[in-house]
Amino acid sequence: MAADKVRFRPVTKQGGLAIALSTAAWLVCNPLSAQAASVQDRKSDPQDEAGKRALTKTESVPGADHHRKKAGAASASRLQTGVQRRKANEVADSYTIQKKPDPFAKFQNLREKGLVVNIPGPADTVVQDAGGVRSALAEVGIGYLLWSQVTYTNNLLPNSARSTIANQLYNGQNPTFSTVNYMWVTYDLSRYGIPDGQIVVGAEEQSWTWQPGGPDRLGINTISYYQTFWDRKLELKVGYLRNSHEFAGTVVGGNAGSNVFGPSSSILFQGGLSAAPAPTPALNLKYNFDDHLYTKVSFQRADSPDGLFTQITENPTGLNWSTTHAGVLYLDETGYLNKAAPGSPQTWLRAGAGYNTSSYKSLALPNQQRTDPNTFYYIAADRQFLQTNVQDSASRGIYGGFSVMGAPPDLNTVSQYYELRFYVNGPFDWRPTDQISIVATDTVWSKLAVDAALAKGKLVHRDSQAIAVTYTAHLAAGVYTSVGLTYINNPTSITYTPQIGHALNFSVSTNIFF
């Protein structure tokens, strides 16, 4: 339209030379714009040729060159921006964000398998991979973990009938110290084509100022063989096992670094379940129906029917095949476990029952010979009600749970146990791996045992209630410290005196993993 209204004068040789030099200089100084212009030229060659023909046949008017240069510069600028945008998009499309590899992932297969207790891995240890020692051992299929636990417990209430250690009736009546040290060495058999194959050898040493709480010992903690079948549908574990780490899930939050102080159920151990300081020969088989539903059975040489103290005293090394009066424990647990994932809170439901062929003392007929068998059952549930950091750590959040356990009152001093727990994993953003727990328990004594003591004129109680509040701080890699306060109504077993009717135990425990 402008061409219809203006007259163009012919372009002279000098003018054409000036335009050519100016254009060349601009192209040299703006190579990207030159590329854009070249691209645009190839897309619109017919129009450009028409423009050239018009330019040679028309005359310019004063100021027309200025407008053409301004329009050309604007067009080139738009082309330059477009090309830059396209090149940026191409770079973005071809660039893939690579997640930084986990240097500890290579140790995952060397952690002990088959446990329900969450023992920290190499990344959460004091030494980690210092000096490349763990890496060098991993190259030949060997893993290791050391765990040291030191605990102090003391009753804060005055007039609590302090006594000598020898006459102490419960943990904390006098200041009580204990140390427990573990070491496990694993060997990876999957390198030989055995699915998830693993051998574990472990040792344990413990010392107590109050021997009934322990007693002192040095011996094995486990000697086991593990593998899976049918694409991990079936898990097998056999050897000297500590089934307290394989069944029921009695540790709050499943974290071995956490501690809940105060009475804990002895029903499982009365029933012969092997404990960490008292492993026994066992064969465990777990069948996974799917990713969540499972059933797990155990054929275990039972611990002593006279209690854990007798078991350790008779077999401190743990290597003996059996102890006096001990039979076989048949145990089954069926459960549903959905581990925490983004948008999917954790749920763990389980129920178990045990049948023990050991010879037990009868509480109904204490003067008669031993009788058998013994049984027990348990039901437990834990649920994550709120996830507080879904994306970064799905396991952080608020949990609640309960346990109910029972055993025949004619063979067991504790016949019923009830527990209600509330705990928070990662309570604060600045403390994402700490834990707060509140646990209330009620331990019910055998009615037959209570009536027998009452008939002798003793002061008795029929149950023992407790509530424990514990804060576990993850102080550094591999270092956990738990501080707890536990109020116990009737801390002793069945008989008591007015001076020891109550206790307020203050406890501190430090767990260090190497």
Side-chain angles (χ1 to χ4, degrees), residues 108-109 111-119 121 190 194-198 200 224-239 241-256 265 267-268 271 273-274 282-300 329-356 375-387 390 393-406 417-423 425:
Q108 184 64 29
N109 204 41
R111 299 176 66 178
E112 184 176 359
K113 300 174 182 179
L115 304 179
V116 296
V117 176
N118 183 26
I119 297 176
S190 65
I194 300 174
D196 301 301
Q198 184 182 73
V200 182
S224 67
Y225 171 88
Y226 174 92
Q227 79 165 92
T228 61
F229 302 88
W230 307 324
D231 194 24
R232 298 182 177 174
K233 279 286 187 181
L234 180 66
E235 302 176 49
L236 175 147
K237 196 169 187 179
V238 62
L241 307 182
R242 59 197 192 283
N243 270 340
S244 60
H245 286 181
E246 307 249 354
F247 287 85
T250 56
V251 180
V252 169
N255 190 349
S265 174
I267 283 182
L268 300 179
L273 188 74
S274 58
L283 168 65
N284 291 353
L285 294 170
K286 181 182 179 184
Y287 185 78
N288 301 295
F289 296 98
D290 54 29
D291 291 340
H292 306 294
L293 186 63
Y294 69 90
T295 188
K296 187 173 184 177
V297 298
S298 179
F299 307 90
Q300 178 210 309
L329 170 64
Y330 302 94
L331 174 64
D332 175 77
E333 175 181 301
T334 300
Y336 173 89
L337 173 60
N338 179 57
K339 295 183 178 180
S344 178
Q346 178 168 306
T347 301
W348 189 14
L349 312 173
R350 62 267 192 208
Y355 179 88
N356 190 339
T375 59
F376 64 86
Y377 70 87
Y378 61 89
I379 300 171
D382 286 87
R383 169 70 176 177
Q384 185 180 18
F385 294 110
L386 177 65
Q387 292 182 311
V390 176
S393 180
S395 62
R396 283 186 61 191
I398 299 174
Y399 295 74
F402 71 89
S403 297
V404 176
M405 302 183 183
Y417 176 79
Y418 304 93
E419 178 177 300
L420 187 64
R421 50 190 172 270
F422 173 86
Y423 51 104
N425 288 341

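Along the sequence shown, residues are numbered consecutively beginning with 1.
Distance alone, capped at 3.5 Å, places no donor-acceptor pair between the T228 side chain and the E235 backbone. A donor-acceptor pair is defined here as one N or O able to donate and one able to accept, closer than 3.5 Å; such a pair exists between the side chain of N356 and the backbone of G271.
The OG atom of S298 lies 8.5 Å from the CG atom of L285; values are rounded to the nearest 0.5 Å.
Every residue meeting the ring pair (Phe, Tyr, Trp, His ring centres under 6.0 Å) condition with Y336, not counting sequence neighbours, appears here in chain and number order: H292. When the ring pair (Phe, Tyr, Trp, His ring centres under 6.0 Å) test is applied to Y287, the partners found at least two apart in sequence or on another chain are F289. Residues passing the side chain to side chain contact (heavy atoms under 4.5 Å, CB included) test with T250, sequence neighbours excluded: A248, L268. A381 pairs by the side chain to side chain contact (heavy atoms under 4.5 Å, CB included) definition with L349, F402, not counting sequence neighbours. Annotation: side chain to side chain donor-acceptor pair (under 3.5 Å) contacts of R111 (sequence neighbours excluded): none. For F385, the side chain to side chain contact (heavy atoms under 4.5 Å, CB included) partners two or more places apart in sequence, or in a different chain, are R383. Residues satisfying the side chain to side chain donor-acceptor pair (under 3.5 Å) test with K113, not counting sequence neighbours, are N109. Partners of A340 by side chain to side chain contact (heavy atoms under 4.5 Å, CB included), not counting sequence neighbours, listed by chain and number: Q346, Q384, Q387, A394, S395. Residues that satisfy the ring pair (Phe, Tyr, Trp, His ring centres under 6.0 Å) test with Y399, not counting sequence neighbours, are Y423. The side chain to side chain donor-acceptor pair (under 3.5 Å) search around S344 returns N338, not counting sequence neighbours. With sequence neighbours left out, S403 forms a side chain to side chain donor-acceptor pair (under 3.5 Å) with R421.
Side-chain atoms of Q300 and L273, non-hydrogen and from C-beta on, do get closer than 4.5 Å to each other. A 4.5 Å side-chain heavy-atom check between F229 and L236 finds at least one atom pair inside the cut-off. At least one side-chain heavy atom of L331 sits less than 4.5 Å from a side-chain heavy atom of F247.
Seen from the ring of W348, R350 counts as a face-on cation partner, given the 6.0 Å and 45° thresholds.
What you find for E112 and S224 is that their closest heavy atoms are OE2-OG, 4.5 Å. The heavy-atom pair separating G401 from D382 by the smallest distance is CA-OD2, 3.9 Å. Annotation for A282 and N243: closest pair CB-ND2, 4.3 Å, computed over non-hydrogen atoms. Shown here for I398 and F422, the closest heavy-atom pair between the two residues is CG2-CE1, 3.4 Å. For the pair L115 and E246, the tightest heavy-atom approach, listed with the atom from each and the gap, is CD2-OE2, 3.6 Å. When all heavy atoms of V390 and P342 are compared, the closest pair comes out as CG1-CA, 3.5 Å.
Looking only at atom types and distance, the side chain of S190 has no donor-acceptor partner in the side chain of D196 under 3.5 Å away.
Residue pairs meeting the salt bridge (charged side-chain N to carboxylate O under 4.0 Å, His left out) criterion with at least one partner in residues 331-340, sequence neighbours excluded, do not occur; the list is empty.
Dense packing is recorded around CG of D290, with more than 12 heavy atoms of other residues, nucleotides or ligands lying under 6.0 Å away.
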